[in-house]
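I have placed the structure first, in the form of structure tokens, so that the comments after it can refer back to it.
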Amino acid sequence: MSSRLRDRTSCQPKLHNHHYQVTTKTAVAMPNYFTETRTCPLAELATNLSDSELRETAYEILVGACRSSGVKPLTFITHSEKNLGRAPALTSTASLQRSLSSTAASNVKKALGLKSSRKRHVSGESDSERVKKAVTIGEMLRVQMRVSEQIDSRVRRALLRVAAAQLGKRIESIVLPVEMLQQLKPSDFPNQWEYDAWQRRNLKLLEAGLLLHPLLPLDKTDTAAQQLRQIIRGALEKPLETGKNNESMQALRSIALSLACRTFDGSVSETSHWADGFPLNLRIYRMLLEACFDVNDEISVIEEVDEVLELVKKTWVVLGMNQMLHDLCFLWILFNRYVVTGQVESDLLFAANNLLMEVEKDAKAMTDPDYSKIISSTLGTILGWAEKRLLAYHNYFHSDNTETMECVVSMAVLSAKIMVEDISHEYHRKRKEIDLARERVDNYIRSSLHVAFVQIMEKVKSSKHSSKNQQNQFPFFSILAQGVSTLAFSEKAIFSPLLKRWHPLAAGVAVATLHSCYGNELKQFVSGIGDLTPDILQVLRAADKLEKDLVQIAVENSVDSEDGGKSIIREMPPYEAESVISNLVKSWITTRLDRLKEWVDRNLQREVWDPRTNKENFAPSAVEVLRIVDEALEAFFLLPISMHAVLLPDLTTGIDRCILHYISKAKSGCGSQNTFVPSMPVLTRCSTRSKFVGVFKRKEKFQIAQGRKSQVGTTNSNGSLGISHLCCRINTLQHFRMELVVLAKRAISPVRNSESAHMDNIADGMGKAFELSTTACVEGIKQLCEITAYKIVFHDLSHVLWDGLYVGEVSSSRIEPFLQELEQYLEVISLTVHYRVRTRVITEVMKASFDGLLLVLLAGGPPRAFHLQDYETIADDFKSLCDLFWSNGDGLPADLIQKFSTTVNAILPLFHTDTDSLIEQFQYMTLETYGSSAKSKLPLPPTTGQWNPTEPNTLLRVLCYRSDETAAKFLKKTYNLPKKL
């Protein structure tokens with residue numbers, strides 16, 4: 001950057017009007033720039049010398065130094081004067097009398113990067129008039145230092161007398177205040193008051209230069225210093241007589257010279273040290289450097305700065321200055337002038353920065369403690385000013401003044417580097433590898449971005465408070481995320497390219513800082529989230545987008561870094577917004593499912609399972625449950641998230657469990673087929689008298705019926721009404737079964753519409769959605785159909801089947817009453833049950849009827865006994881039963897009836913088989929079943945309920961109900977079965 005700053009000499013020239021013809025008799029008051037806003041880092045004097053007094057002293061030293069530095073007068077005439085053949089009469093010091101010429105560009109300005117300017121010509125001014133206005137450098141300096149012609153004349157007159165009195169002595173060999181005191185009298189001043197003030201100034205100068213700030217420290221026992229202090233104290237109270245032969249004046253001269261000519265080795269020096277002690281010399285020199293600024297334009301450095309500095313440097317021998325001290329002082333002058341004049345002339349700042357680079361070189365070679373103290377103070381002030389802006393550079397800089405910011409950063413880094421590396425002894429003792437510039441800039445970036453973030457946040461809060469919708473606070477973080485994103489991209493475009501000079505990962509550090517700032521606020525926000533709302537989703541999606549933007553900037557910025565940006569990325573722990581959204585959606589799903597389960601329970605409690613509540617004959621509670629399920633699915637897909645497919649299984653699985661809960665409740669409390677099937681009585685043998693008895697006594701028959709009813713334990717007095725309830729439950733499960741297919745398609749459709757292959761895989765897996773509920777519906781329908789059938793046959797029709805069929809004489813208790821009542825139930829089923837499951841229910845009734853018939857024939861108890869001739873009647877009854885279900889082709893298919901009547905058709909012929917053959921078959925099958933162990937005594941075969949013509953227990957039961965003497969004797973002999981219960 002230095003070369004670029006140094007080349008800032010072109011640009012639009014400024015017009016200046018140099019009024020060097022000031023003829024005012026009194027000095028013009030000069031503004032005290034140093035006390036307006038900045039504290040001068042050059043140490044304060046221990047005496048009360050004002051800036052005007054120091055300025056007059058500086059002018060005296062300058063004029064004296066210029067007079068004693070040259071022998072022959074040197075005259076420089078402007079080109080305009082040469083063309084007219086005229087030159088002004090010069091009667092003063094040659095160095096100060098050189099005429100001004102602006103034909104050549106200023107080398108100093110060029111080196112410092114200051115723009116050159118042209119002198120403004122007054123409109124209508126002729127060449128002759130301009131020649132009359134030609135002035136010398138001395139005259140210009142007088143005006144620049146705001147010294148009146150009267151004072152200038154008195155100074156020159158005094159210096160002529162000094163030169164005459166001290167013939168051959170140079171300015172650095174004399175104590176100028178002493179000589180001036182002796183050469184000027186009250187008559188040289190307009191009035192006594194002005195003379196007294198002038199004399200006090202010179203006495204204070206002697207006090208400051210020889211007693212308070214001497215180049216060599218004073219010995220406390222030095223009597224000369226004590227004497228000088230007494231003389232000055234007395235002279236300040238009573239004006240000093242300065243006559244040539246005055247004793248007080250002689251004593252003052254003698255003591256002042258002895259103190260001024262001291263050396264470190266004790267010898268007498270030819271150079272007097274009265275103005276070269278710190279910080280007196282710097283305060284005087286500062287007044288000389290101020291002359292480099294245009295008296296009529298405080299932000300402009302004069303074009304003649306080269307000539308001015310050439311003359312100013314002649315005072316070095318008196319003030320003990322050198323190039324390093326000059327650079328440091330001039331640096332402060334340029335910097336301070338930029339600050340106190342409103343920071344409008346950036347050229348001054350660029351010049352100060354260029355000069356600071358020279359100071360850096362000087363500092364490496366300087367070991368003087370006084371210099372180190374001064375440079376630390378100066379650079380500390382500059383660094384403090386710069387860092388105040390850089391720690392919040394977004395408040396001070398923008399896209400239009402990035403060059404100024406670059407200069408400020410350069411000055412801050414250079415100042416810190418000089419203070420730490422070049423003049424810090426502690427640093428040298430504990431030197432370690434550290435990139436000071438990178439460390440500083442890193443701190444500036446983090447601090448300023450944090451400040452900018454807080455300001456954005458306050459601005460958003462303020463706008464939220466001023467808006468009408470004050471209750472809606474959640475979008476605050478969405479707006480904040482947008483503001484942070486805008487700030488990040490602005491930082492990347494404007495400041496990061498500039499700061500990359502000192503920090504290669506400037507943009508990365510910036511976005512890492514913003515990521516941390518927003519993350520801290522987001523963490524607090526997330527910790528207080530309870531339920532998922534659209535506003536919260538908006539915030540989290542905004543946070544996710546912001547994070548992706550910030551990470552992208554960090555990655556792009558780290559392409560060429562040594563670690564590939566890993567250090568920056570490690571500073572950016574993920575917000576995990578997707579994870580937060582996922583957890584919130586899961587919580588939302590849990591809440592919805594809990595609500596669904598509550599609805600299921602609530603509707604089930606109110607449900608009466610009355611098919612008459614709607615024309616579809618299913619439960620109203622099913623409609624409500626399915627409506628809530630549908631609303632849950634719709635609400636889920638309306639959530640503004642991108643993870644529907646991932647979280648959909650959680651929702652469908654939960655819905656599946658809720659519906660499964662409903663199905664379980666729907667079929668619970670209905671019992672099972674075993675609930676209605678009567679217990680088989682103990683085996684007995686028929687009495688040979690039973691065929692004469694006819695039927696049981698009415699009392700015995702009533703007791704059997706009562707016993708059966710108590711075994712069933714029904715609570716439903718109206719059989720058909722109870723069956724309709726079961727039919728309603730069957731219809732409800734069938735309705736769920738069909739709707740679950742629709743729900744599964746509705747749930748999978750949005751997922752399949754996604755273009756992602758990953759979504760297709762998830763959708764394929766969703767093909768088993770609501771699998772538990774679907775399976776439960778199938779199983780539930782099967783169970784309810786069986787329960788309905790067995791309830792009808794064994795409970796509702798028990799009085800005509802179990803209690804009436806074939807009790808006593810077969811011919812007088814046939815199946816017709818059972819068929820008549822069964823037909824009524826089948827009519828109810830046909831009108832109530834959904835057509836898709838109607839056939840299944842009737843089939844189950846048919847199977848239950850067949851089982852009931854077999855149970856009557858094989859386990860009907862002592863009231864029943866069958867003769868061989870009863871076979872025809874029983875077979876005819878069974879045919880009638882089958883015909884009822886066939887219903888002349890309008891009922892069940894014939895092949896289905898044939899399939900389930902196989903067992904009955906196989907067993908009925910046993911009732912037509914003679915007793916001896918039955919006994920032989922029984923013995924044979926028993927031996928086949930039990931082997932040789934059954935030869936000695938036939939074991940009693942257990943009742944399996946699986947009737948089969950070749951099964952021993954089935955054959956045994958046919959014998960038990962055979963009204964035959966042979967059968968009775970066999971059973972008596974073999975098993976000792978009783979005749980009655």
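Positions are given from 1 along the sequence.
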Can you give me the closest heavy-atom contact between [X] and [Y], atom names plus distance?
X: A225; Y: L218; value: CB-CD1, 4.0 Å
X: E194; Y: Q150; value: OE2-OE1, 4.3 Å
X: L280; Y: L54; value: CD1-CD2, 4.2 Å
X: S173; Y: S272; value: C-OG, 3.7 Å
X: A291; Y: I302; value: O-CD1, 3.8 Å
X: A412; Y: L383; value: O-CD1, 3.4 Å

Heavy-atom side-chain contact between [X] and [Y] under 4.5 Å:
X: M249; Y: L181; answer: yes
X: V408; Y: M411; answer: no
X: M357; Y: K361; answer: no
X: K314; Y: I171; answer: no
X: Y59; Y: D152; answer: yes
X: D306; Y: E310; answer: no
X: L356; Y: L379; answer: yes
X: L325; Y: Y285; answer: no

How long is the gap from [atom1] on [X] to [atom2] on [Y], to the nearest 0.5 Å?
X: L215; Y: D276; atom1: CG; atom2: CG; answer: 4.5 Å
X: S415; Y: L331; atom1: OG; atom2: CG; answer: 7.5 Å
X: D347; Y: L334; atom1: CG; atom2: CG; answer: 10.5 Å
X: L159; Y: L176; atom1: CG; atom2: CG; answer: 6.5 Å
X: L236; Y: Q199; atom1: CG; atom2: CD; answer: 8.5 Å
X: L212; Y: T47; atom1: CG; atom2: OG1; answer: 6.0 Å

| Applying the side-chain hydrogen bond (donor to acceptor under 3.5 Å, both in side chains) test to E290, which of R146, Q144, R337, R55 qualifies? |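 Passing option: R337.
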| Which residues pass the side chain to side chain contact (heavy atoms under 4.5 Å, CB included) test with Q323, sequence neighbours left out? |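 Side chain to side chain contact (heavy atoms under 4.5 Å, CB included) check on Q323 returns K313, W316, H326, D327.
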| said: Is there a side-chain contact (heavy atoms from CB on, under 4.5 Å) between W332 and L289? Walk through the geometry before answering. | reply: CA-CA 10 Å; W332 169 253; L289 293 180; over 6 Å; no
One thing to verify: whether [Y] and [X] come together as a salt bridge, which I'm taking to mean a side-chain N less than 4.0 angstrom from a carboxylate O.
X: E387; Y: R440; answer: yes
X: R262; Y: D219; answer: no
X: E207; Y: K204; answer: no
X: K169; Y: E179; answer: no

| task | Take M321 and T315, measure what side-chain contact (heavy atoms from CB on, under 4.5 Å) needs, and give me the verdict at the end. | result | CA-CA 8 Å; M321 299 294 291; T315 65; 5.8 Å; no
Is there a donor-acceptor pair closer than 3.5 Å between any side-chain N or O of [X] and the backbone N or O of [Y]?
X: H273; Y: P214; value: no
X: T57; Y: E53; value: yes
X: D294; Y: S300; value: no
X: K109; Y: V301; value: yes
X: S153; Y: E149; value: no
X: E139; Y: T136; value: no
X: R201; Y: A197; value: no
X: T271; Y: C261; value: no
X: D188; Y: K185; value: yes

More than 12 heavy atoms of other residues, nucleotides or ligands under 6.0 Å from [atom1] of [X]: yes or no?
X: K238; atom1: NZ; answer: no
X: Q192; atom1: CD; answer: yes
X: Q250; atom1: CD; answer: yes

| task | Report the C-alpha distance between D222 and L259 in whole Å, list the side-chain angles of each, state the deciding distance to 0.1 Å, and finish with yes or no for side-chain contact (heavy atoms from CB on, under 4.5 Å). | result | CA-CA 9 Å; D222 193 337; L259 290 174; 3.8 Å; yes
| field | Worked check of side-chain contact (heavy atoms from CB on, under 4.5 Å) between E270 and E172 | value | CA-CA 8 Å; E270 293 185 0; E172 65 268 22; over 6 Å; no
| task | Using the ring-ring contact (aromatic ring centres under 6.0 Å, His included) rule, collect all pairs that involve residues 163-194, keeping only residues at least two apart or in two chains. | result |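 Of all non-adjacent pairs touching residues 163-194, those that pass ring-ring contact (aromatic ring centres under 6.0 Å, His included) are F189-Y195, F189-W198.
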